[in-house]
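What follows is a set of notes on a single structure, which appears directly below.
All values reported here derive from a predicted model rather than from experimental measurement. Numbering starts at 1 and runs along the sequence shown.
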Amino acid sequence: MLALNTSEAHISTFQLIGIPGLEQFHIWISIPICLIYLISTVGNCIILILIKTESSLHEPMYYFLSMLAFSDLGLSLSSLPTMLKIFLFNTTAISIDACIAQEFFIHTFTAMESSVLLIMSLDRFIAIHKPLRYSSILTTSRIIKIGLIFAIRCLVLILPFPITLKRLTYCNKKLLSHSYCLHQDVMRLACSDNRVNVIYGFFVALMGMLDLAMISISYILILKTVLSIASHQEQLKAFNTCVSHICAVLIFYVPIVTLAIVHRFAKHSSPVIRILIANIYVLVPPLMNPIVYCVKTHQIREKIMGKVCLKKT
């Protein structure tokens, strides 16, 4: 803590950015953004409440789905304040402490979602590869332990971000590249040595890619197991249990990988493209995951329809 207090910032605020060239339309752009946040929040809360209250959904797959909904909710709410400030009130200033706090929560919930997607891929592998032992392997106590271990892993992994950013000195550069704060975006504004941030940021990115690699390996093993099933109908049934998770993986990782490629190989591309991809990264997964799971998971769909029909009668 003493090390944190010795840091001295030469500037007190950063400037976030909306969509360059479309500042006069920010109020109109805020309408779909507000709708997306509203639908995301309501959708993920419905899933959390449904899984908590319906005893028939007290199964490993739905426990992991509740973890995914919690991560989506956290990611959505972490980026909400600054995006609404920019597009509703055209307020771009954010204090350094608030910016560092925001990037901590955004990166934590991003790491948490990546971890949950990895756990869910392992869950699908066990369900398909060892269906008879599925319940005995993934007991409730074991699921709680897995959730706690991965939550602690995410916190420990991301905690150095705000600590190292707080130790940096910020002088003249104030303009950030997005509508919210990210570690890599903040550290480039420092006028002191940020090599530790660069190296550790690269390490965290590798950990995220490791999660994606392990998810890919899980699906290679799932594919191998499914193809060994003699019945074509049973193969389709097994694949169908994975569709929702595959969609969630694509929805989450495609914007992240695309943004990384654009930053690395298309540095001179329009900043609007980078900003749109970055906004998709925080807006789309929390919006789409509840929709995908409600559409593709008939147990959840039936429970929601049952509640709706009950209220109408």
Side-chain angles (χ1 to χ4, degrees), residues 1 4-34 36-38 40-41 72-112 155 158-192 194 197-198 200-201 204 255-256 259 263 271-286:
M1 295 301 293
L4 296 180
N5 293 333
T6 58
S7 65
E8 181 181 352
H10 291 255
I11 57 173
S12 59
T13 59
F14 292 135
Q15 294 293 324
L16 296 162
I17 192 169
I19 301 179
L22 298 177
E23 287 82 3
Q24 66 271 31
F25 300 110
H26 275 183
I27 189 65
W28 297 106
I29 296 172
S30 69
I31 296 174
I33 289 176
C34 288
I36 289 172
Y37 274 119
L38 179 62
S40 302
T41 303
D72 280 333
L73 200 58
L75 180 61
S76 182
L77 295 178
S78 297
S79 59
L80 173 66
T82 53
M83 292 193 75
L84 291 188
K85 276 174 60 180
I86 292 169
F87 291 104
L88 272 178
F89 308 109
N90 201 31
T91 303
T92 59
I94 182 171
S95 70
I96 291 177
D97 288 340
C99 188
I100 291 175
Q102 184 184 48
E103 65 82 26
F104 169 72
F105 285 110
I106 288 177
H107 285 295
T108 298
F109 284 112
T110 298
M112 196 175 294
L155 287 172
I158 303 300
L159 189 59
F161 276 178
I163 295 174
T164 54
L165 286 176
K166 189 70 175 173
R167 292 172 64 90
L168 296 176
T169 304
Y170 305 94
C171 302
N172 300 315
K173 295 186 290 184
K174 300 176 65 174
L175 186 62
L176 296 166
S177 304
H178 305 300
S179 305
Y180 50 87
C181 298
L182 293 175
H183 172 262
Q184 60 268 32
D185 205 16
V186 176
M187 73 176 185
R188 71 176 181 83
L189 299 183
C191 54
S192 55
N194 65 357
N197 299 75
V198 172
Y200 191 73
V204 172
I256 292 178
L259 188 62
H263 274 290
V272 175
I273 295 175
R274 294 195 295 269
I275 290 167
L276 289 176
I277 296 172
N279 288 345
I280 288 172
Y281 152 59
V282 295
L283 290 173
V284 173

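Classification of the Phe161-His183 ring pair by plane angle, with boundaries at 30° and 60°, yields parallel.
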- Message: Between Phe109 and Asp72, is the side chain to side chain contact (heavy atoms under 4.5 Å, CB included) condition met? List the steps.
- Response: CA-CA 7 Å; Phe109 284 112; Asp72 280 333; over 6 Å; no
- Task: Go through Ile29 and His26 one step at a time and tell me if the side chain to side chain contact (heavy atoms under 4.5 Å, CB included) criterion holds.
- Result: CA-CA 5 Å; Ile29 296 172; His26 275 183; 4.2 Å; yes
- Message: Does Ile27 form a side chain to side chain contact (heavy atoms under 4.5 Å, CB included) with Ser30? I'd like the steps, not just the answer.
- Response: CA-CA 5 Å; Ile27 189 65; Ser30 69; 4.0 Å; yes
- Val204 vs His107, side chain to side chain contact (heavy atoms under 4.5 Å, CB included): CA-CA, chis, key distance, verdict: CA-CA 10 Å; Val204 172; His107 285 295; over 6 Å; no
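The two residues Ala278 and His178 have their closest heavy-atom pair at CB-ND1, 3.4 Å. The minimum heavy-atom distance linking Leu84 with Cys34 is given by the pair CD2-SG, 3.6 Å. Here the shortest heavy-atom pairing between Thr92 and Gln15 reads OG1-OE1, 2.5 Å. Here the closest non-hydrogen pair linking Ser179 and Thr82 is O-OG1, 2.9 Å. Shortest non-hydrogen contact noted between Leu75 and Tyr281 is CD2-O, 4.1 Å. The two residues Ile106 and Ser78 make their nearest non-hydrogen contact at CG1-CB, 3.7 Å.
When each of Ile275, Leu276, Ile277 is paired with Ile273, the side-chain contact (heavy atoms from CB on, under 4.5 Å) condition holds for Ile277 and for no other.
With values rounded to the nearest 0.5 angstrom, Leu182 atom CG is found 8.5 Å from Cys99 atom SG. With values rounded to the nearest 0.5 angstrom, Leu189 atom CG is found 10.0 Å from Asn194 atom CG. How far CG of Leu16 is from OG1 of Thr91: 10.5 Å, rounded to the nearest 0.5 Å.
Pairs passing the salt bridge (Lys or Arg N to Asp or Glu O under 4.0 Å) check and including a residue from residues 96-105, sequence neighbours excluded, read Asp97-Lys166. The salt bridge (Lys or Arg N to Asp or Glu O under 4.0 Å) pairs that include a residue from residues 177-191 are Asp185-Arg188, where partners are two or more places apart or lie in different chains.
Under a 3.5 Å cut-off, the side chain of Glu23 and the backbone N or O of Gly21 do form a donor-acceptor pair. The backbone N or O of Leu38 sits nowhere less than 3.5 Å from a side-chain atom of Thr41 that would complete a donor-acceptor pair. Proximity of a side-chain donor or acceptor of Thr164 to a complementary backbone N or O of Asn197 within less than 3.5 Å is not detected. Side chain of Lys85 to backbone of Ala93: a donor-acceptor contact under 3.5 angstrom is found. Not a single donor-acceptor pair under 3.5 Å links the side chain of Thr13 to the backbone N or O of Ser95.
Under the 4.5 Å side-chain criterion, counting only non-hydrogen atoms from C-beta, Val284 is not in contact with Pro255. Using a 4.5 Å cut-off on side-chain heavy atoms (C-beta onward), Leu165 and Leu168 make contact. Contact of the Asn172 side chain with the Ile11 side chain is not registered, since no non-hydrogen atoms from C-beta on lie closer than 4.5 Å. Side-chain atoms of Thr110 and Ile256, non-hydrogen and from C-beta on, do get closer than 4.5 Å to each other. At least one side-chain heavy atom of Leu283 sits less than 4.5 Å from a side-chain heavy atom of Tyr37. For the pair Ile19 and Phe87, the minimum side-chain heavy-atom distance is below 4.5 Å.
Few gaps surround OH on Tyr200; more than 12 heavy atoms of other groups in view lie less than 6.0 Å from it.
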